[in-house]
Amino acid sequence: VSALADWRDKFYVREAMQNGLYAALQRLFPDLPPLVLIAVAELMTYICVACVKGKEWRGQSKWYASDNSNTVGWLRDRYSQHPLVQFLLRILGVVESTCGFDTVGAFIRTYHNMVPDDMTRERWRQAVADLEAAGFVRVEIGDAWRFYLNELTKPHEANLGALVLYGGDV
């Protein structure tokens with residue numbers, strides 16, 4: 001499960017990925033170690049949210065705080081040796097420049113990352129109920145995930161160089 005919460009705009013994302021995104025990424029990139037796969041899934045989650053919500057973020061700096069040092073490092077440095085991460089970072093660059101916002105990655109200790117972690121653990125229903133009671137709304141990113149998974153299943157020579165933005169009307 002991948003989850004994030006935006007405290008400023010009061011929305012959250014919680015997507016179960018074990019049967020979908022993880023399996024698809026493992027098939028496409030069987031050499032990815034499990035911890036890198038988790039980091040890629042977190043990065044892809046944020047980028048899909050950026051594609052869905054980016055128009056509303058014009059003029060803002062969005063802080064992505066995570067306890068995953070790989071994801072934060074990729075966002076901070078905008079660099080990775082892995083072609084999949086390079087592809088995702090290029091998409092983020094396009095959505096940031098098109099929608100007029102920027103992203104800052106920040107590492108936080110796991111014990112300070114309680115709400116997103118709670119949304120991925122056994123007590124996730126209570127975490128989601130607490131967010132909704134506080135006025136948060138759920139943002140669906142499943143269509144954006146499917147869009148990029150489809151892009152990734154195209155021949156690698158073409159797809160990892162293509163900069164295709166989900167939602168096309170941006």
Side-chain angles (χ1 to χ4, degrees), residues 1-22 24-25 36-78 80 82 84-108 110 112-121 124 127-132 134-152 162-170:
V1 174
S2 187
L4 63 82
D6 186 314
W7 297 95
R8 181 186 183 280
D9 294 332
K10 290 212 166 227
F11 72 83
Y12 72 93
V13 173
R14 183 185 187 281
E15 296 289 340
M17 300 185 303
Q18 287 84 348
N19 297 327
L21 181 62
Y22 283 148
L25 290 174
V36 175
L37 186 64
I38 291 168
V40 168
E42 288 185 19
L43 179 65
M44 192 167 176
T45 299
Y46 175 72
I47 290 169
C48 288
V49 169
C51 290
V52 170
K53 300 290 283 184
K55 292 179 192 177
E56 300 169 27
W57 294 352
R58 181 166 294 285
Q60 296 181 33
S61 289
K62 299 306 284 186
W63 284 77
Y64 180 85
S66 175
D67 58 3
N68 190 310
S69 59
N70 282 328
T71 307
V72 170
W74 295 331
L75 287 171
R76 182 192 59 235
D77 301 337
R78 299 300 169 105
S80 171
H82 198 281
L84 172 58
V85 177
Q86 292 170 359
F87 171 72
L88 293 171
L89 291 172
R90 285 194 301 266
I91 292 167
L92 179 59
V94 169
V95 73
E96 285 175 326
S97 63
T98 302
C99 295
F101 70 93
D102 66 324
T103 301
V104 179
F107 180 80
I108 60 172
T110 299
H112 291 301
N113 196 29
M114 292 170 46
V115 171
D117 274 359
D118 284 350
M119 287 194 298
T120 65
R121 306 288 193 257
W124 69 269
V128 166
D130 291 346
L131 286 172
E132 290 176 347
F136 282 68
V137 295
R138 183 175 183 176
V139 170
E140 300 287 340
I141 62 168
D143 288 341
W145 262 352
R146 282 185 284 284
F147 176 82
Y148 284 117
L149 282 175
N150 184 47
E151 287 300 306
L152 290 171
L163 295 178
V164 182
L165 192 58
Y166 170 76
D169 61 342
V170 176

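Keep in mind it's a predicted model, so treat the numbers as computed, not measured.
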Trainee: Evaluate side chain to side chain contact (heavy atoms under 4.5 Å, CB included) for I47 paired with V95, printing each intermediate quantity in order.
Mentor: CA-CA 9 Å; I47 290 169; V95 73; 5.6 Å; no
Trainee: Under the rule for salt bridge (Lys or Arg N to Asp or Glu O under 4.0 Å), what residues qualify as partners of D130, not counting sequence neighbours?
Mentor: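 Checked D130 against salt bridge (Lys or Arg N to Asp or Glu O under 4.0 Å); zero matches.
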Trainee: How close do A39 and N70 get, counting heavy atoms only, and between which atoms?
Mentor: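 Reported closest heavy-atom pair: CB-CB, 3.5 Å.
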Trainee: Can you list the residues that meet the side chain to side chain donor-acceptor pair (under 3.5 Å) rule with Y46, with sequence neighbours excluded?
Mentor: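 Per chain and number, Y46 pairs via side chain to side chain donor-acceptor pair (under 3.5 Å) with T103.
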Trainee: Can you list the residues that meet the ring-ring contact (aromatic ring centres under 6.0 Å, His included) rule with F101, with sequence neighbours excluded?
Mentor: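 So F101 forms a ring-ring contact (aromatic ring centres under 6.0 Å, His included) with W57.
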Trainee: Rounded at 0.5 Å granularity, tell me how far CD1 in I91 sits from SG in C48.
Mentor: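 Reported to 0.5 Å precision, the distance equals 8.0 Å.
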Trainee: Hey, mind stepping through R14 and V128 against side chain to side chain contact (heavy atoms under 4.5 Å, CB included) and telling me if it holds?
Mentor: CA-CA 9 Å; R14 183 185 187 281; V128 166; 4.1 Å; yes
Trainee: Using a 4.5 Å cut-off on heavy atoms from C-beta on, say whether the side chain of D6 contacts that of K62.
Mentor: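 Yes, side chains in contact.
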Trainee: Mind checking whether L43 and N68 have side chains closer than 4.5 Å, heavy atoms only?
Mentor: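 A side-chain contact is absent here, since even the closest heavy-atom pair is not under 4.5 Å.
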Trainee: At what distance, to the nearest 0.5 angstrom, does OG1 of T71 lie from CD of E42?
Mentor: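 These two atoms lie 4.5 Å from each other.
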Trainee: Any side-chain heavy atom of Y12 within less than 4.5 Å of one from E132?
Mentor: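 With C-beta onward as the side chain, the pair touches.
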Trainee: Return yes if some donor-acceptor pair links the side-chain N/O of S80 with the main-chain N/O of W74 below 3.5 Å, else return no.
Mentor: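 Judged by distance alone, no pair lies under 3.5 Å.
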Trainee: Tell me whether D9 contacts the main-chain N or O of F11 through its side chain, where contact means a donor paired with an acceptor under 3.5 Å.
Mentor: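 No, because the side chain of D9 does not come within donor-acceptor range (under 3.5 Å) of the backbone of F11.
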Trainee: Kindly write out the residues that satisfy salt bridge (Lys or Arg N to Asp or Glu O under 4.0 Å) with R78, not counting sequence neighbours, or none if the list is empty.
Mentor: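 Expected list: E96.
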Trainee: Listed by chain and number, what are the side chain to side chain contact (heavy atoms under 4.5 Å, CB included) partners of A106, not counting sequence neighbours?
Mentor: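 If we apply the side chain to side chain contact (heavy atoms under 4.5 Å, CB included) test to A106, skipping adjacent residues, the hits are W63.
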Trainee: Please round to the nearest 0.5 Å and tell me the distance separating atom CG of D102 and atom CG of L75.
Mentor: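 One gets 11.5 Å once the value is rounded to the nearest 0.5 Å.
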Trainee: How long is the straight-line distance from SG of C99 back to CD of Q60, given to the nearest 0.5 Å?
Mentor: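 If we round to the nearest 0.5 Å, Q60:CD and C99:SG are 11.5 Å apart.
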Trainee: Got a second to check how far L92's CG is from Y64's OH, nearest 0.5 Å?
Mentor: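 L92 CG to Y64 OH: 11.5 Å, rounded to 0.5 Å.
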Trainee: By salt bridge (Lys or Arg N to Asp or Glu O under 4.0 Å), which residues pair with K53, not counting sequence neighbours?
Mentor: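 Once residues adjacent in sequence are excluded, the partners of K53 under the salt bridge (Lys or Arg N to Asp or Glu O under 4.0 Å) criterion are E56.
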